[in-house]
Chemist: 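Before we start, here is the structure in question, set down as C-alpha cells.
Here is how names work: the chains are called A, B, and so on, in the same order as the sequence lines, proteins then strands, and each is numbered from 1.
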There are 2 protein chains.
Amino acid sequence: MTSIDDVARAAGVSIATVSRALRGLPNVSDATRSRVKTVADELGYVASAGASGLASGRTLTMGVVVPSVSRWFYQMALEGIDEELRRANYDMMLFNLAARKGDRERVFHRSILRKRTDALIALCLEFTPSEREQLLSLGHPTIVIGGPVKGIRHIGIDERATARAATQHLITLGHRRIAHVGGDDDEGLNRRVPLDRRRGFRDAMEAAGLAVRPEWLLSGRFSLAPSRAVVNEMLASAERPTAIVANSDEMAIGAIMAAHDSGLQVPGDLSVIGIDNHDLAESFGLTTMAQDPFEQGALGARILLDDLGGIVPPRRTSVTAPSHLIVRTSTAPPIH
Amino acid sequence: MTSIDDVARAAGVSIATVSRALRGLPNVSDATRSRVKTVADELGYVASAGASGLASGRTLTMGVVVPSVSRWFYQMALEGIDEELRRANYDMMLFNLAARKGDRERVFHRSILRKRTDALIALCLEFTPSEREQLLSLGHPTIVIGGPVKGIRHIGIDERATARAATQHLITLGHRRIAHVGGDDDEGLNRRVPLDRRRGFRDAMEAAGLAVRPEWLLSGRFSLAPSRAVVNEMLASAERPTAIVANSDEMAIGAIMAAHDSGLQVPGDLSVIGIDNHDLAESFGLTTMAQDPFEQGALGARILLDDLGGIVPPRRTSVTAPSHLIVRTSTAPPIH
DNA sequence: TTGAAAGCGTTACCAA
DNA sequence: TTGGTAACGCTTTCAA
C-alpha cells in the first residue's frame, strides 16, 4: 500500500525524482538514486502498474488469446511467448476462449479491448470480420500464430507443404495404399489448418498417381482416443491401407495403438506418420514432420515487442516457420 | 482511443452519467441509459481497465502463478480457474515461473507485486519466507492449489492418503513385492507432494508388514520417458516386483511401456497403478487414483472471488479435495 | 540534478 | 436523476 509519495517523503526528495531514480532514468545523482532505492526497498514499495500505464500509455502487458490451454501446440507456444516476454519485462494477460463460441463476444469486449495490453498475440484462431475490425481499430500490434488468418499477419508452418512431405515420405518408401486421419479440431478454432493438411495429402497422392479412397479419409478430431477408434474401425475392413498419414501426432499415436489393438505390427503391417513432433512422439517411435511452436511463439512475441519498441518499422509480412521430417521407427517400406 | 468524455459529449450528458449508465448502476433513467449505450456502441467505446482500476481500487484481474504450463495438472487447474473467472467477469494475468529459480525474484517484484491483480492463486509451488511475507503484505486474498504450503491456505488432495490407497489396492489384490516410482518434479516446484506420496506408499507397505526395498524406490522425474527408462532397468534385474505404484499417471504409463519393452504383460506379469487420472489414462487402461484439478482450480477461484465479494467472511481453512480409485485393466492379482 | 504541476481516464462522493 | 469535481498513483514536460 505504500505509494510513490511515501517514498518521496521518506527519502526527502520529490516524487518525480523517485520515479526517475527507480526506473533507472538518467539525470539522477548516484547518491540520490541509491538513497531512493534503499528507502523504496525498506518500505516495500512497488509501483502500481495501472497508474504507470495510465500516465505513460504503456502497460507493459501483452494479451494472448488461446482457444484452450490443454493442447500441446498451445502450451509450447505459450512457453515460447512467455520466455520472450519475460526477457522484455512484459507481463502476460491470458484470454482463454475455451471453445465457447457464445462467450467470445464478451471476452472480446469486456477484456481484450479494454486497453490493458500493448499488443495482442492470437493462437490459431479465426476472427469474425467484426472482431477483426475491432482489433485493428484498437490500433495495437497484432499477430497470429499457427494458422493463417486473412487480414492479419501470421507465423506458421506451410501446412499444405508439410502434409505433402509427410505423405511423400510414405510414397517414397513404396506405399501405395495410404489413409489419412484428419478432421476438425473442436477446440483449435482454425478450420484452415486441417483443410490445408488434407489438401497437402491429396497433392502428394495425386502427384504420384495414387487413388485417394473416400473410405480412407478419416476424422480423428485431433485427439488420441477418437483417432484410435476410427482407425480400428478401418483396420477391421477387408481391405486396409499399408500406411497412414495423421494430421497430428496425437492422432498418429492413436493410430499406432489401433494397430496394436488389431494385432498388427508397426511398421511391419502398417506405417504411421504424424505432424508436430509432440512430446510423446519419441516415446512411441513416431516418424513425424516436426514443427517448433515454442519458437513460433517466441518469434511472434519478439516481432510484437520490436513493433512496440518503435526502432524498426513494423513488419507487415507473415512468416513461414520451418518443418522437417524426423524418421523414427513407425515407418518402413510395405511388405508386399 | 475514444474515451469517456467523447461519449459524454456525444450523448449530451456528463461523464459521471456515462459511467453510471454503462456500468448498470441505479439512478439512471432508462432513456438516458439506452441513449448512452447506443452512443458508446457507435463510438466503439470501451472503458480503460487501468483507469478504472486506479479510481476504484479493483482491477477485476486475478493473478495466477504457475511453475509451467505444460503439465496436465496445471492445464486442468488453469481451465478450471478460467471458467470461474469468466463467470465473474474477471481477467487472468498469468505468471509463469518456468522453473527458473533465478528469475523468480524479478517476476515477483516486477510483476506479481505490482498491484495489478485483486487476488492471487498459486499452483503447486512453494514460497520462500521472504516471498510469503511480501505476498501477505500485499494484503490481497491468496490461495495455493495442489501442494500444501505452510502459512497459506490451500486446496489439494490428501497426498499421503491417496498414495496409501493406491498401494493398498495392490496389496489387496495380493501383491507383496511392490516397487515405487517417485522422484522430484523439476518443474512443479513443490517438494512435499512427491515426498508425501512416497510416505503414503511406505505407510501402506509397513501396515501390511511388507518390505520396502531400496532398489525398488525409483525416481521417474514425473515424466514418461525417464520413468520408462528406470523401470526398464529395474525389470532387467534378476528379481523383479509384481507391481508398481507410480506417483503420477505419466510415470505409470512409462512403466507400462517399460513392461512391454521388457516383454512382460500388464497386468499378467506386472500390475501398475498411477495417481491423477490423466487424459491418457483411459487409453492405456491405467488403474489410478483419480483427482480433479479442474475442480480444484475452479474452487480456488471461487473462494478468492467470494473473499473479494466481501459478503461472506473469508475462509481461512484449507480444503482437502477428493481422490478416488478407478480400476481399469492395468492391475490384477499376481500370478504366483 | 531536482521540483512543480499538468495530465492520464476513470470512479465516487456530494450537490443540485 | 443528473452534474461537478476531487481523488487514484503514476509519468513527463517545463522551470528552476
Chemist: Can you give me the N/O atom pairs linking the protein to nucleotides 12-16 of chain C at distances under 3.5 Å, or say none if there are none?
Modeler:
unit_1, atom_1, unit_2, atom_2, d
dA12(C), OP1, Arg58(B), NH2, 3.3
dA12(C), OP2, Arg23(B), NH1, 3.1

Chemist: So which nucleotide from dT2(D), dT2(C), dG3(D) ends up closest to the side chain of Val28(A)?
Modeler: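 Side chain of Val28(A) sits closest to dT2(C).
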Chemist: Does one side chain, of Arg23(B) or Ser19(B), offer a donor that lies under 3.5 Å from an acceptor on the other?
Modeler: yes
Chemist: Between Glu126(B) and Arg132(B), does at least one N-O distance fall below 4.0 Å, as a salt bridge requires?
Modeler: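 Answer for the salt bridge query: no.
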Chemist: Would you indicate, yes or no, if dT2(D) has its OP1 or OP2 atom less than 4.0 angstrom from a side-chain nitrogen or oxygen of Ser29(B)?
Modeler: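 Checking dT2(D) against Ser29(B), a side-chain N or O does come within under 4.0 Å of OP1 or OP2.
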Chemist: Measure from the side-chain heavy atoms of Tyr45(B) and tell me the nearest of dT1(D), dG4(D), dT10(C).
Modeler: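 Minimum distance to the Tyr45(B) side chain belongs to dT10(C).
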Chemist: For Arg9(B), is there an ion pair with Asp5(B) - N to carboxylate O distance below 4.0 angstrom?
Modeler: yes
Chemist: Specify the separation, in whole Å, of atom CG of Asp5(B) and atom P of dG4(D).
Modeler: 12 Å
Chemist: Quick one: Arg116(B) CZ to dC10(D) P, roughly how many Å, whole number?
Modeler: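 Atom-to-atom, Arg116(B) to dC10(D), this comes out as 13 Å.
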Chemist: Verify whether one side chain among Arg114(A) and Ser52(B) offers a donor that lies under 3.5 Å from an acceptor in the other.
Modeler: yes
Chemist: Within this structure, what is the CG-to-P distance between Leu54(B) and dC10(D), rounded to whole angstrom?
Modeler: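 Computing the Leu54(B):CG to dC10(D):P distance gives 8 Å.
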Chemist: Given axes from five pairs at either end, by how many degrees does the helix from dT1(C)-dA16(D) to dA16(C)-dT1(D) bend, rounded to 10°?
Modeler: 30°
Chemist: Output the rounded distance in Å from CZ (Arg114(A)) to P (dG9(C)).
Modeler: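 That distance rounds to 14 Å.
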Chemist: Does OP1 or OP2 of dC8(D) have a side-chain N or O of Ser3(A) closer than 4.0 Å?
Modeler: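 So the side chain of Ser3(A) is outside the cut-off, no N or O lying under 4.0 Å from OP1 or OP2 of dC8(D).
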Chemist: Of Ser52(A) and Asn27(B), whose closest DNA chain D nucleotide lies nearer the 5' terminus?
Modeler: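 Residue closer to the 5' terminus by nearest nucleotide: Asn27(B).
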Chemist: May I have the distance from Arg33(A) (atom CZ) to dT2(C) (atom C1'), rounded to whole angstrom?
Modeler: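 Atom-to-atom, Arg33(A) to dT2(C), this comes out as 13 Å.
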Chemist: Can you check whether Ser48(B) has a side-chain N or O nearer than 4.0 Å to OP1 or OP2 of dT10(C)?
Modeler: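 Negative; the distance criterion is not met.
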Chemist: Sequence neighbours left out, what pairs pass ring-ring contact (aromatic ring centres under 6.0 Å, His included) with at least one residue falling in residues 18-63 of chain A?
Modeler: none
Chemist: Is it the case that Thr61(B) and Asp91(B) place a side-chain donor and acceptor less than 3.5 Å from each other?
Modeler: no
Chemist: Show your working on salt bridge (Lys or Arg N to Asp or Glu O under 4.0 Å) between Asp307(A) and Arg153(A) and close with a plain yes or no.
Modeler: CA-CA 13 Å; Asp307(A) 287 358; Arg153(A) 60 189 170 168; 2.7 Å; yes
Chemist: Please pick, from dG3(D), dT10(C), dT11(D), the nucleotide with the shortest atom-to-atom distance to any side-chain atom of Thr17(B).
Modeler: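 Of all the options, the side chain of Thr17(B) is nearest to dG3(D).
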Chemist: May I have the step-by-step check of salt bridge (Lys or Arg N to Asp or Glu O under 4.0 Å) for Arg302(A) and Glu83(A), ending in yes or no?
Modeler: CA-CA 10 Å; Arg302(A) 226 174 297 139; Glu83(A) 168 154 308; over 6 Å; no
Chemist: Within this structure, what is the CG-to-C1' distance between Asp30(A) and dT2(C), rounded to whole angstrom?
Modeler: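 In whole Å, dT2(C) C1' lies 15 Å from Asp30(A) CG.
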Chemist: Start at the 5' end of DNA chain D and walk down; is the nucleotide closest to Thr32(B) or to Lys115(B) reached first?
Modeler: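 Closer to the 5' end of DNA chain D: Thr32(B).
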Chemist: Donor-acceptor pair, Glu42(B) side chain versus Val39(B) backbone, under 3.5 Å?
Modeler: no
Chemist: Just wondering, do Trp72(B) and Met76(B) contact through their side chains at under 4.5 Å, heavy atoms?
Modeler: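 They are in contact (side-chain heavy atoms under 4.5 Å apart), so the answer is yes.
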Chemist: Using whole Å, report how far CD1 of Ile4(A) lies from C1' of dA4(C).
Modeler: 14 Å
